[in-house]
Each structure stands twice: as structure tokens, then as C-alpha cells.
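Worksheet for the structure shown next.
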Number of protein chains: 2
Amino acid sequence: MQEHIEESCQEQCFHPEVVESVRRDMLGSVPADELAQLFKVLGDNTRIRILDALYRSELCVCDLTALLGMNQSAVSHQLRVLRDARIVKSRKQGKNVLYSLDDEHISGLVRMGSEHVSELKR
Amino acid sequence: MQEHIEESCQEQCFHPEVVESVRRDMLGSVPADELAQLFKVLGDNTRIRILDALYRSELCVCDLTALLGMNQSAVSHQLRVLRDARIVKSRKQGKNVLYSLDDEHISGLVRMGSEHVSELKR
DNA sequence: TGCTTATATGAACTGTTGGTCATATGATAC
DNA sequence: GTATCATATGACCAACAGTTCATATAAGCA
């Protein structure tokens, strides 16, 4: 994190050297997009509750439906979003489909996010 | 992460003991909501690019406007969202307003998210 | 074979969100 | 004071996202 050079804006106001140096270092637009996409998938109450549940145990769709108290279709739709984002994985077992978290980065993100949230309350 | 007990669904299909135990451990609905809200704010391409830039240097609004190549109003609107979520902070300096990240949890989240994203590509 | 159960999916509806335009505020400079 | 510049904000609109309803698929059971 470099220090900001104190000077008034020329012309169009901005600080050309700082802007140039930041521009060089910034993420490309593709990675930024993918990152935003990941957070967007995490940015829904239903999906967070699903992940919170799956963090504790592998569960089938109707378990999740019962836990969340919402209808099965809504849960399935959200599971699809999570599957497409490769945040959860599923395996078939008889009539049921069992879901679980796809990797441990996700629990890390959720844990870190929780810390930030509780930090803000102090 | 406890193991799932293999048994077929009774009645309404679900596994009552597992569901009960998960239910006990799950986040309350308020924390889940706050967490989802945090990720929702991070889940936008423009805001991620703003954070990526601010991670590298404190910047004024017109710097960001130039960096992102979008109009000033759009940038200000998104800065407001980030400010309301206490993800960035601002200080006045003459005519300018300088923005920076509000705490290091945020850069941690972004870093961790990036790792996850690049992990998926392998 | 048909019947039931678990899950998935498509269509439609509704609420939300990101951007644009126009305008307001607030500070500096003249 | 007035003019100008940097930023903020309100109204509006188009695109999108989450839920529901109805229906499809697919497995197990009689």
C-alpha cells in the first residue's frame, strides 16, 4: 500500500503517476470479473445458509429444504447456482442427491467474512 | 465436518437427527443475513475493481473514474455502497475526497477469493 | 408394468440493482 | 460576491435475480 502523493489535481483532476502505477498493478478485467462472480454467488441469504449447513454435514435436498423452511424448488434452484460455481458438489445415492462443500477455500471465505461482520459490531 | 449417516428417508424424506444437530449449530438468521450482505457488496465487478485499486493506493474519486473508465456518477454511487458497508472510508482534502480500504479483513477476503478463483482453473 | 418419492427445470412474476442524466452541494479561486 | 471544479444524490430505466407454480426426470417399490 503506497502513500498517496499530496498534490492538487491538474486538468481533469487526477494524479497521473499514481493512477498509472495503480493501473499497471491492478487485476485484469477477466480475473476481476471472476472474483466478483464468486462473491455474487456467496451474496445471497439462502445460499449462505445452505453453505453454513453443508459446512456441518453432507445433506440431501429435502434435509436442506426442511432446514431452511422453504420450498424444494427454491432450494434446488439455489443448489444449481452453487454447483455451477463449483462451490458445492453432489453425489447420487438411491433416490437422494447428497450435497457437500466442494473445497475448503469456501469455508475459509465464510469464516473470514463472519469475522469481518462480527468485527464491525464492536 | 461430521459424517452423514446412511439411511433412507422416513416420511418427508429427511434425516431427522442430522437435521436437528445441524440446525443447532447453524448461524442465526441475523448473522447469516449480514454475511450475505457483505458478500453481496463484494459481488460486483465495478466494486471489486475499486477495491483492487484502493488496495494499491489511496485515491480520489476522479482517479478512480479515470482508472475504471466510467462516469463519475456511477463511481460515486458505488463508493457510497462501499462506504455504507464500511468497506472503504473517505477523508476530505480540499476539493477532493480521498478513499481507502477500511480494514485489512477486506484485502484478506479479496486475496482468498482470488486464490479460490485461480485454483478452479487448474 | 404402473405408482410413489426425490430432485431438477422451465416459465412467469416481482423486487432489486447498476447505470445514466440532470442537478445539488461544497470547496477553491478570482 | 461569481465562476469553476470535485463530488454526491435523486429520479428513472433496463437488466437481472430469487421465488413460486407446474411439470419433467429418474430412481425405488408393489
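For clarity, every value in this text was computed on a predicted model and none was experimentally measured. Order of the sequence lines sets the chain letters (A, B, ...), proteins ahead of strands, with each chain counted from 1.
Residue B:Leu59 forms a side chain to side chain contact (heavy atoms under 4.5 Å, CB included) with just one option from B:Leu98, B:Leu54, B:Ile50, and that option is B:Leu54.
Closest contact between the side chain of B:Lys40 and the listed nucleotides C:dA8, C:dT17, C:dG18 involves C:dT17. Minimum atom distance to the side chain of A:Lys92 is reached by D:dA26, of the listed D:dA26, D:dT19, C:dA6. Minimum atom distance to the side chain of A:Arg80 is reached by C:dT9, of the listed D:dA8, D:dT19, C:dT9. For A:Lys95, whose side chain is taken as the heavy atoms from C-beta onward, the closest listed nucleotide among C:dA8, D:dC5, C:dT5 is C:dT5. Of the listed nucleotides (D:dG18, C:dG18, C:dT20), D:dG18 has the atom at the smallest distance from the side chain of A:Asp44. Taking every side-chain heavy atom of A:Ala74 into account, D:dT20 is the closest of C:dT7, D:dT7, D:dT20.
With hydrogens and angles ignored, no donor-acceptor pair closer than 3.5 Å exists between the side chain of B:Gln72 and the base of D:dA6. At a cut-off of 3.5 angstrom, counting only N and O atoms as typed in the model, there is a donor on one side and an acceptor on the other between the side-chain of A:Ser73 and the base of C:dT9.
Atoms CD1 (A:Ile50) and C1' (D:dT19) sit 13 Å apart, rounded to a whole Å. For the pair A:Leu82 CG and C:dA8 P, the interatomic distance rounds to 12 Å; values are reported in whole Å. Taking atom CG of residue A:Leu68 and atom P of nucleotide C:dT7, one finds them 13 Å apart after rounding to whole Å. For A:Leu64 and C:dA6, the CG to P distance is 14 Å, given to the nearest whole Å. Whole-Å rounding puts the B:Gln78 CD to D:dG10 P distance at 15 Å. In this structure, OH of A:Tyr99 is placed 11 Å from C1' of C:dA6, rounded to the nearest angstrom. Rounded to an integer number of Å, the gap from CD of B:Gln93 to P of D:dA6 is 14 Å. In this entry the distance linking CZ of A:Arg83 with C1' of C:dA8 reads 8 Å, nearest Å.
Between A:Val75 and A:Gly94, the residue anchored closer to the 5' end of DNA chain D is A:Val75, taking for each the nucleotide with the nearest heavy atom.
For A:Asn96 and C:dA6, the shortest distance from a side-chain N or O to OP1 or OP2 is not below 4.0 Å. The shortest distance between the side-chain N/O atoms of B:Arg47 and the OP1/OP2 oxygens of C:dG18 is below 4.0 Å.
Annotation: side chain of A:Leu42 is in contact with side chain of A:Ile87 (closest heavy-atom distance under 4.5 Å). Looking at heavy atoms from C-beta onward, B:Asp103 lies in side-chain contact with A:His116 at the 4.5 angstrom threshold. In this structure, the side chains of A:Leu38 and A:Leu109 come closer than 4.5 Å at one or more pairs of heavy atoms. Residues A:Pro31 and B:Val117 are not in side-chain contact: their nearest non-hydrogen atoms beyond the backbone lie 4.5 Å or more apart.
Stacking between A:His77 and the base of D:dT19 is absent under the criterion of ring centres within 5.5 Å and planes under 30 degrees.
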